[in-house]
2 protein chains.
Amino acid sequence: MRHAANLTGVRVVIARCEVDYAGRLTAHLPMAPRLIMVKKDGAVSVHADDRAYKPLNWMSPPCTLSVTAPAPSQPGEDPAGAPLEELWLVKGRDGETLKIAIAEILDDHEYDLGVDPGLEKDGVEAHLQALLAENPGVFGTGYRLVTREYRTPIGPVDLLLRDGDGGYVAVEVKRRGEIDGVEQLTRYVELMNRDPQLSPVSGVFAAQLIKPQAAVLARDRGLSCLTVDYDALRGMDNAEDRLF
Amino acid sequence: MRHAANLTGVRVVIARCEVDYAGRLTAHLPMAPRLIMVKKDGAVSVHADDRAYKPLNWMSPPCTLSVTAPAPSQPGEDPAGAPLEELWLVKGRDGETLKIAIAEILDDHEYDLGVDPGLEKDGVEAHLQALLAENPGVFGTGYRLVTREYRTPIGPVDLLLRDGDGGYVAVEVKRRGEIDGVEQLTRYVELMNRDPQLSPVSGVFAAQLIKPQAAVLARDRGLSCLTVDYDALRGMDNAEDRLF
DNA sequence: GCGTCGATGTCGGGA
DNA sequence: TCCCGACGTCGACGC
């Protein structure tokens, strides 16, 4: 048996193989030609030529790959009768296992890609929160920002505002508003209303898109909803920028 | 410009490339060597040799790939000054775009894997729910199934039963019972109890494994817990099968 | 280390 | 088709 050599890059193997995963569930793939990718971080993934970028089966790091070359006429044969070329055993962290029985290797390459310089993202929830913090007026006339990430014992409230009458307003910001977010805001508002320094505190659920069920639950909990137009908000920012 | 040829399989390209995604967010990858996979379903994914099975950037089908070979000294050059070898443009469904500027193709292979015979899974929540629906007796003597996926304005209740006295019982099924599931069941039971046609409705939290915190919360909410033995339940099914 | 929460989540089922 | 919740969710971040 030989252990996986230290990869200096990514390895791509094309092989007829049969795959068995056992871990959080069990899954089986019958013998067929597939693409197997082994990354430098140890990850092993088995791809068909569909299912978008997702593999049929995989093992996430940390995991170890060991390869055995079974002697002919050993148990574990190709259903067609031919002996297996290799048997790969990938062991994951909680005793998860991925077994890849390879009947025939059709191609095998390794490429050294070096360290990737990394990915830059824009337009995620953090950005939405920042835009709302800079434009509290979208919540109503006279609304002012008190603070972002207001700390409570059960977690940070995304935005704390005061409305035109000076009353506190807790805002939960989401890109997509779903029921979980309403639960979260409910807990915050309930807790903050126990503080006589803050009470009465109202709650606003702000998101680019609010699902109907979440809106129903929010109304039932006495919370307001605000659907945010991200592009318009960014436009307001630009408009303000031009004023100065 | 040439459009992507009809792939008969999966294509793997190793190339120095720069990537820009614009769609649900915007993201940028500076020039570096990477692995690009193009599947027969149209999916394009750009991998580094880490991040487990997930690509740095991708486009899910349906999408179209078109490739241009820019003339030397055209705009869009390699920062190093060398001309680009190819420019790939992947268009997704809501105007999403993925641009891959390729400075140098280091390797390029295509493999015909054929249609994959597919994946067999076992042990997921849907299966557990089905088994419980077929064996309402595990909840208690005289329990009968009313319906699966009983609709409420805030979401579907996994199972609606009637107990031996004719009272309604709402069941939330989970593979792993955690606090979220208890919250979910609480909302359903509370809502259903406002309906005089249903009230009084009791709640049962059923899971293969119920975390202690979830059990405590369930008790506090007046909900029952049922720890389900998946294998035994499957065995009951088999036993019943053998009777007929 | 564990719990919480976001995600270009992706995927599958029911209306 | 859309809507909605599960997922082998995976990862990032905070305590």
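What's counted below: heavy atoms across the whole structure, side chains too, no hydrogens, waters or symmetry copies. These figures come from a predicted structure and were not determined experimentally.
One can place CG of Asp122(A) at 13 Å from C1' of dT8(C), the figure rounded to the nearest angstrom. Summarising the geometry, the separation between CD1 on Ile210(A) and P on dC3(D) is reported as 15 Å, rounded to the nearest angstrom. Computed from coordinates, the Leu119(B) CG to dT10(C) C1' distance equals 14 Å when rounded to whole Å. Rounded to an integer number of Å, the gap from CZ of Arg93(A) to P of dG1(C) is 7 Å. The nearest whole Å value for the distance from the CG atom in Asp158(A) to the P atom in dC13(D) is 16 Å. Following rounding to the nearest Å, Leu98(B) (CG) and dT8(C) (P) show an atom-to-atom distance of 14 Å. When the C1' atom of dC7(D) is taken as reference, atom CD of Gln129(B) falls 15 Å away, rounded to whole Å. Between Asp94(A) atom CG and dC10(D) atom P there is a gap of 11 Å when expressed in whole angstrom units.
Annotation: side chain to side chain contact (heavy atoms under 4.5 Å, CB included) contacts of Lys40(B) (sequence neighbours excluded): Asp49(A). Residues forming a salt bridge (charged side-chain N to carboxylate O under 4.0 Å, His left out) with Asp220(A) (at least two apart in sequence, or on another chain): Arg194(B).
With 3.5 Å as the limit, one finds a donor-acceptor pair spanning the side chains of Gln129(B) and Arg148(B). A side-chain donor-acceptor contact under 3.5 Å links Lys39(A) and His47(B).
In this structure, Asn57(A) reaches the bases: a heavy-atom distance under 4.0 Å links it to at least one base atom across the strands shown. Across all strands shown, Ala27(A) has no heavy atoms under 4.0 Å from either base or sugar-phosphate atoms. Within the nucleic acid shown, Glu183(A) has no heavy atom closer than 4.0 Å to any nucleic acid atom. Contacts of Gln184(A) with the nucleic acid, taken as non-hydrogen atoms under 4.0 Å apart, involve only primed sugar atoms and P, OP1 or OP2. Residue Gln213(A) is in sugar-phosphate contact alone, with no base atom involved, counting any heavy-atom pair closer than 4.0 Å across all strands shown.
Remark: side-chain polar atoms of Arg51(B) are not paired, donor with acceptor, to backbone N or O of Leu56(B) under 3.5 angstrom. The closest donor-acceptor contact from the side chain of Lys121(A) to the backbone of Ala27(B) lies at 3.5 Å or more, if one exists at all. A distance-only check finds a donor-acceptor pair linking the side chain of Asn193(A) to the backbone of Val201(A) [under 3.5 Å].
Checked for salt-bridge contact, Lys211(A) and Glu178(A) meet the test: a charged N lies under 4.0 Å from a carboxylate O. Here Arg221(A) pairs with Glu183(A) in a salt bridge; the nearest charged N to carboxylate O distance falls below 4.0 Å.
A close approach under 4.0 Å does not occur between any side-chain nitrogen or oxygen of Arg24(A) and OP1 or OP2 of dC7(D). Between Arg51(B) and dC10(D) there is no side-chain polar atom (N or O) within less than 4.0 angstrom of OP1 or OP2. Between Lys54(B) and dG11(D), a side-chain N or O to OP1/OP2 separation shorter than 4.0 Å is absent. The shortest distance between the side-chain N/O atoms of Arg176(A) and the OP1/OP2 oxygens of dG5(D) is not below 4.0 Å. Residue Arg151(B) places no side-chain N or O under 4.0 Å from the OP1 or OP2 atom of dC3(D).
Nearest-nucleotide positions on DNA chain D for Pro156(B) and Leu56(A) put Pro156(B) closer to the 5' end. Where Tyr53(A) and Arg148(B) meet DNA chain C, the nucleotide closest to each residue was compared, and Tyr53(A) sits on the side nearer the 5' end. With DNA chain D read from its 5' end, the first of the two nearest nucleotides for Trp58(A) and Lys211(A) is the one closest to Lys211(A).
Nearest nucleotide to the Ser60(B) side chain, out of dA6(D), dT10(C), dG8(D): dT10(C).
Going from the C1' atom of dC5(C) to that of dG9(C) covers 13 Å, rounded to whole Å. To the nearest whole angstrom, the two P atoms, one in dC11(C) and one in dG11(D), are 15 Å apart.
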Just the dot-bracket of DNA chain C, please: which string comes out with Watson-Crick or G-U pairs under 3.5 Å, [ ] for crossing, | for another strand? |||||||.|||||||
